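Let me begin by presenting the structure, written as structure tokens, before commenting on it.
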Amino acid sequence: MKKQYKRIFILTGAGISAESGLSTFRDSDGLWNNHKVEDVATLEAFEKNPAFVHKFYNELKPEILNAKPNPAHLCLAKLQEKYKGKVNIITQNVDILHEKASSKNIYHIHGKIDEAMCLECGHILQSAEDVDMSTICPHCATKGKFKPNIVFFGEMPLYMPEVEKHLRECDLFVSVGTSGVVYPAAGFVYTAKYYGADTIEFNLTTTSNNYLFDEHIEGKCSITLPEFVEQLLETQENNGE
Ligand SMILES: [Zn+2]
């Protein structure tokens with residue numbers, strides 16, 4: 001892929017955070033920290049027992065917020081800083097490792113662990129502290145109406161209009177550490193390819209929609225991705241940009 005791109009769209013998933021020691025949300029065995037996904041990550045579960053669901057996310061928070069970005073996160077921040085083209089990051093991860101790596105233009109399509117949304121007024125509360133049924137909304141003063149700002153199963157991912165726009169406009173689509181089985185993210189490559197983007201995938205193993213990518217690079221993304229970023233930056237330099 002030796003060309004200068006104008007707009008790069010990078011989709012990151014659980015695989016990039018796994019290398020920072022975070023266990024993966026939406027894992028193939030259907031468990032997350034020994035809880036069944038249907039007990040902690042569906043609207044039904046939250047409506048039935050909001051206190052339990054809050055407790056689950058409150059317990060996860062410290063581990064997730066204390067994790068450190070790895071070379072894959074860091075090289076993407078470097079690419080955003082040094083590359084002349086636009087580089088947008090869309091992540092399926094609820095952690096803040098891209099933020100910690102100093103990336104910008106990050107869309108958290110599955111929400112964010114340090115946010116909660118007031119179901120009364122829509123206010124988004126950003127907090128590293130516990131949020132529970134006693135939390136009072138600083139905007140509308142209602143008590144106990146916060147929901148973790150995590151996209152549960154069956155809910156629409158966030159920022160889809162922006163994502164669609166970036167998919168149509170990008171000339172390079174990069175998928176990092178995603179399984180390629182969770183829709184709609186698994187379908188992003190179709191759209192990007194349809195609108196003419198080059199497509200490349202970084203993953204530990206072969207994925208099911210592997211054939212849709214022009215290039216497939218297997219291995220730890222903390223090793224393969226920095227190499228790729230260096231190639232992009234070298235190409236830019238050789239082109240005298
Ligand atoms: Zn409110």
Side-chain angles (χ1 to χ4, degrees), residues 11-14 16-17 20 22-27 30-69 73 88-167 178 182-185 188:
L11 171 69
T12 67
I16 194 171
S17 297
S20 288
L22 292 181
S23 60
T24 59
F25 185 20
R26 296 166 193 255
D27 226 340
L31 288 178
W32 193 17
N33 270 25
N34 297 318
H35 284 75
K36 278 191 196 153
V37 162
E38 56 264 36
D39 291 339
V40 293
T42 64
L43 268 187
E44 291 76 13
F46 182 69
E47 280 160 8
K48 209 159 62 179
N49 195 346
F52 178 78
V53 174
H54 274 304
K55 184 168 170 279
F56 173 76
Y57 290 99
N58 286 334
E59 284 173 3
L60 269 185
K61 251 188 200 184
E63 182 198 347
I64 295 184
L65 294 179
N66 288 329
K68 302 240 181 327
H73 297 100
N88 288 290
I89 296 175
I90 284 82
T91 185
Q92 296 171 282
N93 301 330
V94 299
D95 61 58
I96 55 166
L97 293 174
H98 287 302
E99 282 83 353
K100 283 195 175 177
S102 304
S103 269
K104 42 196 183 348
N105 306 331
I106 310 152
Y107 298 89
H108 281 267
I109 61 172
H110 289 162
K112 224 160 143 248
I113 190 74
D114 62 346
E115 288 180 355
M117 184 173 69
C118 174
L119 296 175
E120 195 65 30
C121 73
H123 176 72
I124 303 280
L125 176 73
Q126 184 158 19
S127 174
E129 308 297 321
D130 285 3
V131 172
D132 55 30
M133 301 309 286
S134 68
T135 307
I136 295 169
C137 177
H139 189 251
C140 72
T142 309
K143 184 177 162 184
K145 278 290 186 182
F146 277 107
K147 168 191 175 287
N149 198 24
I150 303 279
V151 173
F152 291 149
F153 280 87
E155 288 189 296
M156 267 305 283
L158 308 172
Y159 307 111
M160 289 313 286
E162 290 90 339
V163 167
E164 280 292 321
K165 181 175 174 282
H166 287 308
L167 282 172
T178 91
V182 179
Y183 278 84
F188 289 174

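As the structure is a computational prediction, the values presented were derived from the model and not from experiment. Order of listing sets the numbers, starting from 1, for every ligand and every atom in it.
- Side chain to side chain, His108 and Glu99 meet the donor-acceptor criterion of an N or O pair below 3.5 Å.
- Counting only N and O atoms by type, the side chains of His73 and Ser103 include no donor and acceptor under 3.5 Å apart.
- For a distance threshold of 2.8 Å, the protein N, O or S atoms nearer than that to the Zn ion (ligand 1), listed by chain and number, are Cys118 SG, Cys121 SG, Cys137 SG, Cys140 SG.
- Sorted by first and then second residue, the pairs that involve residues 103-113 and meet salt bridge (Lys or Arg N to Asp or Glu O under 4.0 Å), not counting sequence neighbours, are Lys112-Asp114, Lys112-Glu115.
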Atom pairs and distances, side-chain donor-acceptor, residues 41-53, under 3.5 Å, sequence neighbours left out:
{"from": "Thr42", "atom 1": "OG1", "to": "Glu38", "atom 2": "O", "distance (Å)": "3.2"}
{"from": "Thr42", "atom 1": "OG1", "to": "Ala45", "atom 2": "N", "distance (Å)": "3.1"}
{"from": "Asn49", "atom 1": "OD1", "to": "Phe52", "atom 2": "N", "distance (Å)": "3.2"}

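- Annotation: salt bridge (Lys or Arg N to Asp or Glu O under 4.0 Å) contacts involving residues 146-167, sequence neighbours excluded, comprise Lys147-Glu155, Glu164-Arg168, Lys165-Glu169.
- Interatomic distance, Leu11 CG to Asn88 CG, rounded to the nearest 0.5 Å: 12.0 Å.
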